[in-house]
Amino acid sequence: GSVVQAGDELVSIIDARTLELEASIAYVSATTVRPGTRVSLRVAGSSDSAVTARVVRVAPALDPVTRQRRITIEVPNRDGRIPAGAWVEGTVITEGGAR
């Protein structure tokens, strides 16, 4: 029943084979996290095994309110077992140990 105007979004397509996760990390941990750093993720409330992902971007500055650094993590999901929008729990794996 709606009239579509030029430029209106009609459909959103999600390619869930690779997901992106944005997270915040504490300032004290931020110095050891770089693009390529591994992250172990588990879907909250799931008994599935953990998925290994990797950091692809680290914000150049801290968030002025939280004093945390934003990171973007690329999550492989070829089998589709992680639904887009799911809550996940993660551990950043650094040379000095998990954070």
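For reference, positions follow the sequence shown, starting with 1. This structure is a prediction, so every number in the text was calculated from the model and none was measured.
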Q: Does V55 form a side chain to side chain contact (heavy atoms under 4.5 Å, CB included) with T72? I'd like the steps, not just the answer.
A: CA-CA 6 Å; V55 174; T72 303; over 6 Å; no
Q: Are L21 and L41 close enough, and set up right, to give a side chain to side chain contact (heavy atoms under 4.5 Å, CB included), and what steps lead you there?
A: CA-CA 10 Å; L21 166 67; L41 298 172; 3.9 Å; yes
Q: Walk me through it: do V75 and V51 pass the test side chain to side chain contact (heavy atoms under 4.5 Å, CB included)?
A: CA-CA 8 Å; V75 183; V51 173; 4.2 Å; yes
Q: Where is the tightest heavy-atom contact between T37 and V92, given as atom of each residue plus distance?
A: CG2-CG1, 3.6 Å
Q: Which pair of heavy atoms, one from Q68 and one from S24, lies closest together, and at what distance?
A: OE1-CB, 3.1 Å
Q: Got P76 and T18 here, is their nearest side-chain heavy-atom distance under 4.5 Å?
A: no
Q: Should E89 and R42 count as an ion pair when the cut-off is N to O under 4.0 Å?
A: no
Q: What are the two closest non-hydrogen atoms of L10 and V4, and how far apart are they?
A: CD2-CG1, 3.7 Å
Q: Is V65 linked to L62 within one hydrophobic cluster, defined over Ile, Leu, Val, Met, Phe, Trp and Tyr using a side-chain heavy-atom separation of less than 4.5 Å?
A: no
Q: With a 6.0 Å cut-off (strictly less than), is the heavy-atom count around CZ of R38, excluding the residue itself, greater than 12?
A: no
Q: Output yes when a side-chain donor or acceptor of N77 lies under 3.5 Å from a complementary backbone atom of A16, and no otherwise.
A: yes
Q: Side-chain contact, heavy-atom cut-off 4.5 Å: V58 with P35?
A: yes
Q: What salt bridge (charged side-chain N to carboxylate O under 4.0 Å, His left out) pairs are there with at least one residue in residues 18-37, not counting sequence neighbours?
A: E20-R57, E22-R70
Q: Can you tell if the side chain of V33 reaches within under 4.5 Å of the side chain of I25, non-hydrogen atoms only?
A: yes
